[in-house]
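I have placed the structure first, in the form of structure tokens, so that the comments after it can refer back to it.
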Amino acid sequence: MLDIKRIRQEPEVVQNLLNRRSSEYQIQEILDLNERQRQLESARSRLKARSNEISKEIGQKIQSGLSPESEQVQKIKEESNQIKQQINELEPQERDLKTQIQNLLLSLPNLPSESTPVGEDETENVEVRRWGDGYLPENSEKLLPHWEIGEKLGILEFSRAVKVAQSRFVNLIGMGAALERALIRFMLDQQIAAGYLEVMPPVLINSQSLTGTGQLPKFAEESFQCNNDDLWLSPTAEVPVTNLYRDEVLDASQLPIYHCAYTPCFRREAGSYGKDTRGLIRLHQFNKVELVKLVRPEKSAEEHEAIVQNAEAILQALKLPYRVMELCTGDLGFGAAKCYDLEVWLPSSQAYREISSCSNFTDFQARRANIRFKQANKKGTEFVHTLNGSGLAIGRTMAAILENYQQPDGTVNIPEALHPYLKQTVIRES
RNA sequence: GGAGAGGUGGCCGAGUGGUUUAAGGCGCGGCACUGGAAAUGCCGUAUAGAGUGCUCCUCUAUCGAGGGUUCGAAUCCCUCCCUCUCCGCCA
């Protein structure tokens, strides 16, 4: 959520930054409503002040022996009743304005950072760096896509997943399951060593949590919702982990907070029919190790670079070639001020495909989720900055390994970094 | 699912219609005392919004949430949420 005070104080700056995303976001209506709301608030609070005064007066008179039915008391009651009537007229108007403003604010995206490249869509994202050209497989156009290798080896099973659930689900069998589990453990171990505290959060989460991180109200159709409860299947551990601290005032000394979390993630993938219909790339349920940081505002830019490094370290350890893209304003996520995507080389696509997304949300989520911190000896509180990044998406990592590590004889080598987690170093047909 | 208890400041905890302007304690900060400290004493310690006031001040709101009664509600009434205990079910 954007700061209404800032919108009021520098409307041009805010509008210009929003325009870098798209012309669909306008602040003028919010400004008008806010102006009106503040007028009402002033008027109402003046009336209320007088009314409080009267009540006190009556209290004193009754204390000093006057009967509540006496003429003196009745007379002031009359004035108070009139004031109450006026307040009763103003209050619903003000409440209505407040909800309107709140709803409009919730539907505005974060301001892109000054350094975010301006662009229309993903074609204008900027490549920042590339790693692992030496590990690019030769004659990669001849390699099988991961779903074919996986089914051949008997470790990925898609057709029965349709029976059990529906399309866009998978069964991992034997070494498939073992590899998934090894990846989860490896990534967690790495990130814990890098200083993140592991959390295993609920993956059923309430509406308020989804609103806190920005998935609601705009993106309701992207998540699975429970019928009989105010609960949703978590689309990413970002939501439960960031919301751990919702409505809390942290002590400045607690910051920065670093968490990593392995969770399954659930996404409806509405609007992506026909895209990536095969394989592990776009499933309704997938596993992910997520990194979440809560930091002091002045640190968030450098913490952002660090989180990208932490995600990159996994790809490097697995010797998977990748590139780092900075998203342009048109492709930037709703809550992000700045975002880097890591894209891994996927021979079947002959392209780099997103495997991690690392965002700096600045105070956008913190305002929605009301996560603040307090400095000793300083009046008031400040919103923290929140960041997160995938470290990494497990299914897509598995896909990248199956494709990049396949051998001419149809077997798949297991990356060295995973050897401590598995009983074998090659996946063969079984 | 059934029955009961409860939700008050950073924390504990008192408070059944009007000096509650939320007692008291703990914690925290400052000062005094001290060679220094402990102990003790005194003072101060919430958040948010608004204001032609800007290191100060004024007003408003906030005792789980939302309504209601009343001149006046932490306190009375209604609805909802959450937590805990016991029973049932259950990995």
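Quick note on labels: first sequence line is chain A, next is B, and so on, each numbered from 1.
For the OP1/OP2 pair of G49(B) and a distance below 4.0 Å, the side-chain nitrogens and oxygens of K98(A) include no atom meeting the criterion. Contact annotation: N52(A) does not reach the phosphate of G72(B) (side-chain N/O to OP1 or OP2, under 4.0 Å). Of the side-chain N and O atoms in K374(A), one or more sit less than 4.0 angstrom from OP1 or OP2 of U47(B). Look at R372(A) and you'll find a side-chain N or O under 4.0 angstrom from OP1 or OP2 of A48(B). The phosphate of A50(B) has OP1 or OP2 within less than 4.0 Å of a side-chain N or O from R8(A). Within the 4.0 Å cut-off from OP1 or OP2 of A48(B), at least one side-chain nitrogen or oxygen of T381(A) is found. Of the side-chain N and O atoms in R46(A), none sit less than 4.0 angstrom from OP1 or OP2 of U60(B).
Among the atoms of the strands shown, only primed sugar atoms or phosphate atoms (P, OP1, OP2) are found under 4.0 Å from some heavy atom of R95(A). Note on I76(A): nothing from the nucleic acid sits closer than 4.0 angstrom, heavy atoms only. Nucleic acid contact for I62(A): base, since at least one base atom lies under 4.0 Å from a heavy atom of the residue. Base engagement by S55(A) is indicated by at least one non-hydrogen atom pair under 4.0 Å involving a base atom.
Here the side chain of N81(A) is nearest to one of U47(B), C71(B), U60(B), namely C71(B). Counting only heavy atoms from C-beta on, R38(A) has its side chain closest to A50(B) among A61(B), A50(B), C71(B). Residue A49(A) places its side chain closer to U60(B) than to any other of A50(B), U70(B), U60(B). Closest to the side chain of S45(A), out of G72(B), A50(B), C59(B), is C59(B). Distance from the side chain of K5(A) is smallest for G49(B) among the nucleotides G49(B), U60(B), G51(B). Distances were taken from every side-chain heavy atom of E41(A) (C-beta onward) to each of C71(B), G51(B), G49(B); the shortest belongs to G49(B).
Between the side chains of N34(A) and R38(A), at least one donor-acceptor pair of N or O atoms lies under 3.5 Å. Side-chain contact check for E303(A) and Y258(A): at least one donor-acceptor pair (N or O, by modelled atom type) lies under 3.5 Å.
Nucleotide C26(B) forms a pair with G10(B), judged by Watson-Crick or G-U wobble geometry with both contacts under 3.5 Å. Across all strands shown, U40(B) forms a Watson-Crick or G-U wobble pair, both distances under 3.5 Å, with A32(B). Using N1 to N3 plus N6-O4 or O6-N4 for Watson-Crick, or N1-O2 and O6-N3 for G-U wobble, each under 3.5 Å, U55(B) pairs with nothing. Across all strands shown, C84(B) pairs with G4(B); the Watson-Crick or G-U wobble distances both stay below 3.5 Å. C90(B) makes up no base pair with any nucleotide shown, lacking Watson-Crick or G-U wobble contacts both under 3.5 Å. When Watson-Crick and G-U wobble pairs are counted only if both distances are under 3.5 Å, G18(B) pairs with C71(B). With a cut-off of 3.5 Å on both pairing distances, the Watson-Crick or G-U wobble partner of U62(B) is A46(B).
Residue E79(A) contributes atom CD, which lies 17 Å from atom C1' of U70(B) at whole-angstrom precision. We find that CD of Q39(A) is positioned 16 Å from C1' of G49(B), with the value rounded to whole Å. For the pair F373(A) CZ and G10(B) P, the interatomic distance rounds to 17 Å; values are reported in whole Å. Regarding N370(A), its CG atom lies at a distance of 18 Å from the P atom of A46(B), rounded to whole Å. Rounded to whole Å, the distance from CG on L47(A) to P on G72(B) is 14 Å. Counting to the nearest Å, the P atom of A46(B) and the CD atom of E248(A) are 20 Å from each other. Atoms NZ (K84(A)) and C1' (A73(B)) sit 12 Å apart, rounded to a whole Å.
Ring centers of F169(A) and F158(A): at least 6.0 Å apart, outside the cut-off.
Using a 4.0 Å cut-off between charged nitrogen and carboxylate oxygen, E53(A) and R50(A) count as a salt-bridge pair. In summary, E248(A) and R372(A) do not engage in a salt bridge, as defined by a charged side-chain N under 4.0 Å from a carboxylate O. For K338(A) and E326(A), the salt-bridge test passes: some basic side-chain N is under 4.0 Å from an acidic carboxylate O.
Within a 6.0 Å sphere centred on CD of E57(A), other residues, nucleotides and ligands contribute more than 12 heavy atoms.
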